[in-house]
Protein chains: 2
Amino acid sequence: MVAKKAKASKSRDIPSQSAPDRVESLNGTQDGRLYNEILDAILDRRLSPGVKLKEDELSSIFSVSRTVVRRALLRLSHDRIVDIQPNRGATIIRPDVHKAREILGVRRLIERELIREATVAATKKSLDELRRCVDDERDQVRRQHVGSGLRLSGDFHIQLSMLSTNSTLQSYLKELVPQTSLVIAMYQTPHHTLCSHQEHFDIIDVIASGDVQAAQVEMDNHLQRIEDKLDLGNERSPGDLYAAFAHVKNTA
Amino acid sequence: MVAKKAKASKSRDIPSQSAPDRVESLNGTQDGRLYNEILDAILDRRLSPGVKLKEDELSSIFSVSRTVVRRALLRLSHDRIVDIQPNRGATIIRPDVHKAREILGVRRLIERELIREATVAATKKSLDELRRCVDDERDQVRRQHVGSGLRLSGDFHIQLSMLSTNSTLQSYLKELVPQTSLVIAMYQTPHHTLCSHQEHFDIIDVIASGDVQAAQVEMDNHLQRIEDKLDLGNERSPGDLYAAFAHVKNTA
DNA sequence: AACACAAACATTGTACACAATACTAACTCC
DNA sequence: GGAGTTAGTATTGTGTACAATGTTTGTGTT
């Protein structure tokens, strides 16, 4: 265990920290930042399955009160990203093999329908835009560390779902993507080219062809390949909380 | 508008109110009661779409602090049962026509898969048990007021989903059932025999036959019939908060 | 009368204090 | 030495005060 770096930050000079954040217009007041920050950490693989999320630690790391931390954790628990036990606190879920297959299976079900709706609604313009996104992602991955690859890969699936107007399925997918990230964190194999950009381009091309059935099959295979690359026998061990948020400037 | 009945209850003599509640082992401390109570009110049609849920009102009605109310509302907002706007409070959602169709559509998608898994996993014993549940429901409906019919009908779908081991889809359905209740509340037609018990028995029989395809078709038709019975032109107006919780003993 | 502005009110957001519960470790007794 | 017990510590649960924001009402001006 790494020694605790943060102590407590009673200096609350600038409470106007409420940047508009980038997503989740739903109820984002201040906990939205923390919520997104933890989600990002999971997508970037800085937070591993099984990590205990203590309220005091998070509140001192992010210089917010426990009230805010609490809200963020509650939201994450409803996303099935963390598991809250009544008087025992919150930990990041550790999906077992059954759960791992379930998550991928539900993704296939959901994304099969989403890509159906997306194919029907897609325009040349929207597809070109999507292609540009994948391009940008590829460039970013080349430049940055390997961890971000997975994160951006998940972004593609969410971007794609935006072509549909089904907000219910979109929200399900937004929960499933970080869950998938945790599954991958637990069962990844050495070669972590899990979600290749080429396959994403292929998916876009199939959508462009307008063949709904083919698009569904393409997506299904894509997700199946991800599952196939996992090693459902070897589990990785939990990581450290403070290492995950080392980049957060502590105002103590 | 009905005059406000509750004022405030500062007498908190028995804080050991923490009955184990009946469901949601997830994080049920004290807010679980409120969460279930509001959910029940929606399923029983005592709470209508569009009702504003003020924190102070709920806290005085149920004799709990705003902290607890807040937690319950946050959970409901994640279930897409209530809509929380940053500094404007929470209201029960009023699904528009597009949203209504979407909810029913997603239910078809989810329940088609759930009934597939249920059919595979079903045993004679589990089906008999399910039949007994529907029997009990039918008796209860005969005895009680009409409002509870819908509530128990939703219970059948959830009970049925329990035959599957897919907890992800089960949780989706648990959110969709109250949402459906709100859809029905908004677009119901005079004859509210929405979810007939006979159809439920038919579904069980098809599952018993082991024919997965037939079971899926049966469920799909069942849900389609519900949608067909709705009048997607006429909307009902919001109801009253205090009337919904008149049965709650106020300790003021 | 209609609009603009401002003050009073209502409601939600956040922090913190204390209570309740779980965890840890030291101690006793067998 | 080991298991059970009990104090002490750590962590979460809840209530409440105050701050920030939204809403409404009232007033004055055009």
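To find a chain, count down the sequence lines: A is the first, B the second, and so on, and within it residues start at 1. In this text the structure is predicted, and so the values were computed from the model without any measurement.
- Phosphate proximity of C/dA15 to A/Ser65: present, with a side-chain N or O under 4.0 Å from OP1 or OP2.
- The distance between atom CD of B/Glu57 and atom P of C/dA10, rounded to the nearest whole Å, is 12 Å.
- Between B/Thr67 and B/Arg88, the residue anchored nearer the 5' end of DNA chain D, judged by the nucleotide with its closest heavy atom, is B/Thr67.
- Protein atom CG of A/Asn87 is 6 Å distant from nucleotide atom C1' of D/dT12, rounded to whole Å.
- We find that CG of B/Asp31 is positioned 16 Å from P of D/dT12, with the value rounded to whole Å.
- The side chain to side chain contact (heavy atoms under 4.5 Å, CB included) test applied to B/Ser65 returns B/Thr67, B/Val68, not counting sequence neighbours.
- Of the candidate nucleotides C/dT11, C/dA17, D/dT16, C/dT11 has the atom lying nearest to any side-chain atom of B/Lys54.
- No salt bridge links B/Asp56 with B/Lys54; every basic N to acidic carboxylate O contact stays at or beyond 4.0 Å.
- Here C/dT14 presents its P atom at 16 Å from CZ of B/Arg71, a figure rounded to the nearest Å.
- Closest to the B/Lys52 side chain, of the nucleotides D/dT11, D/dT14, C/dT12, is C/dT12.
- A donor-acceptor contact closer than 3.5 angstrom is absent between the side chains of A/Ser161 and A/Lys174.
- Taking atom CD on A/Gln85 and atom P on D/dT12, their separation rounds to 13 Å, with Å as the unit.
- When rounded to the nearest whole Å, the span between CD1 of B/Ile84 and C1' of D/dT21 equals 16 Å.
- Rounded to whole Å, the distance from CD on B/Gln30 to C1' on C/dA19 is 13 Å.
- Take B/Leu223 and apply the side chain to side chain contact (heavy atoms under 4.5 Å, CB included) test, not counting sequence neighbours, and it matches B/Arg107, B/Arg108, B/Glu111, B/His157, B/Met219, B/Ile226.
- To the nearest angstrom, C1' of C/dA20 lies 14 Å from CD of A/Glu55.
- Where A/Arg66 and B/Ala90 each meet DNA chain C at their nearest nucleotide, the meeting point lying more 5' is that of B/Ala90.
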